[in-house]
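Report on the structure given below.
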Amino acid sequence: MTDLADAFVRLHARLAPVPLIPEILLHQADEPIGLWELTEGEFRSEQPPPFWAFAWAGGQGLARYVLDHPEVVAGRRVLDVACGSGLVAVAAAKAGAATVRAVDIDPLAIAAVGANAKANGVTVEAVCADILDGPADADVVLAGDVYYSQSFATRMFNFLRRARKAGADAYAGDPGRAFRPQAAGTEVASYDVPTTMALESVTKKHTSVWRLP
């Protein structure tokens, strides 16, 4: 499955700069609908939409923040949770993190993380697992664009709060999704992130980076 997933990623996503972070290259799909249909077949996952194939606005904002403020991750153990493409993980590695672990439940996302880390010359440990009910085991937890559904947003926010209580720093990038918790934390940065009509129905999303208190 690993070799098949890697081949699928490379076949259906092309390497290109990320709009808000052009210093990072990412395997990205040109349009979502056809790829959505393909991932309903042999490559179906518990999260059918191919989140790994796009540079979502929340992840772009968080990755930009990490690169512009490397002191957030430098020399520290970083976890990119619900990592999708691994964009935030790659940014953390480029910013000098001691170790970077990227976790997602989709095996195609794990393949994409490996391909994207290699393309950017960084090392990221990619893990296919659901860890939201356990400990973070990191110094810094990063979550990009994770408040897109009520159930997932609740689980994710509880995970981030537990990580924070255990002593980790926790940051989330969010472009105003409907289920962002009211107690999301302190807004530490904001960006106008280029996006596409096919993906977001707009060409730009105002995106904030939140640090949990």
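Fair warning: this is a prediction, and the values are worked out from it, not measured in the lab.
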Short N-O contact, Glu200 and Arg177, less than 4.0 angstrom: yes
Nearest heavy-atom neighbours spanning Ala63 and Ile21: CB-CD1, 4.1 Å
Close aromatic pair by centroid cut-off 6.0 Å: Phe157 and Phe152: no
Value rounded to 0.5 Å, distance of CG in Leu20 from NZ in Lys204: 10.5 Å
4.5 Å side-chain heavy-atom contact, Ile24 and Leu67: yes
Arg164 side-chain N/O to Val141 backbone N/O, donor-acceptor pair under 3.5 Å: no
Any Thr99 side-chain heavy atom under 4.5 Å of Glu125 side chain: no
Point-to-point distance, once rounded to the nearest 0.5 Å, from OH of Tyr65 to OG1 of Thr207: 15.0 Å
Min side-chain heavy-atom separation Cys83-Val113 under 4.5 Å: yes
Cluster overlap Val209 with Leu212, hydrophobic side-chain contacts below 4.5 Å: no
Trp210 and Thr186: CA distance, side-chain angles, deciding distance, side-chain contact (heavy atoms from CB on, under 4.5 Å) verdict: CA-CA 5 Å; Trp210 300 85; Thr186 301; 5.9 Å; no
Under 3.5 Å donor-acceptor, Trp56 side chain and Phe51 backbone: yes
Heavy-atom donor-acceptor pair, Arg180 side chain to Pro175 backbone, under 3.5 Å: no
Verdict with reasoning, Thr195 to Phe54, per side-chain contact (heavy atoms from CB on, under 4.5 Å): CA-CA 10 Å; Thr195 183; Phe54 306 99; over 6 Å; no
Over all atoms of both residues, closest heavy-atom pair of Val73 and Ala92: CG2-O, 3.8 Å
Single-linkage hydrophobic cluster Val140~Val188, side-chain heavy atoms < 4.5 angstrom: yes
N-O pairing of Arg155 and Asp130 below 4.0 Å: yes
Remaining members of the apolar cluster that contains Leu15, side-chain heavy atoms under 4.5 Å: Leu25
Transitive ILVMFWY side-chain link Met156 to Leu62, under 4.5 Å: no
Within-4.5 Å side-chain heavy-atom neighbours: Val81 and Ile131: yes
Side chain to side chain donor-acceptor pair (under 3.5 Å): pairs with one or both residues in residues 75-85, sequence neighbours excluded: Arg76-Asp169, Arg77-Asp137, Arg77-Asp139
Atom of Ala55, atom of Leu26 and distance for their closest heavy-atom approach: CB-CD2, 3.9 Å
N/O donor-acceptor pair under 3.5 Å between Gln60 side chain and Val193 backbone: no
Val78 and Arg101: CA distance, side-chain angles, deciding distance, side-chain contact (heavy atoms from CB on, under 4.5 Å) verdict: CA-CA 6 Å; Val78 175; Arg101 182 164 49 109; over 6 Å; no
Heavy-atom check, side chain of Leu79 versus side chain of Leu142, under 4.5 Å: no
Side chain proximity check, Tyr191 to Asp68, heavy atoms < 4.5 angstrom: yes
Arg161: partners by salt bridge (Lys or Arg N to Asp or Glu O under 4.0 Å), with sequence neighbours left out: none
Least distance between heavy atoms, Gln28 atom then Ala16 atom: NE2-O, 2.9 Å
Nearest heavy atoms of Asp145 and Gly58, plus distance in Å: OD2-N, 2.9 Å
Flag for Tyr171-Arg211: side-chain donor and acceptor within less than 3.5 Å: yes
Side chain Asp104, main chain Gly84, donor-acceptor under 3.5 Å: yes
Polar side-chain atom of Glu187 near backbone of Ser208 as donor-acceptor pair, under 3.5 Å: no
Spacing of Asp174 atom CG and His206 atom NE2 [to the nearest 0.5 Å]: 10.5 Å
Heavy-atom pair with the smallest gap, counting every atom of Ile105 and Cys128: O-SG, 3.5 Å
Path from Val72 to Val122 over hydrophobic side-chain contacts below 4.5 Å: yes
Phe159-Val100 co-clustered via ILVMFWY side chain contacts under 4.5 Å: no
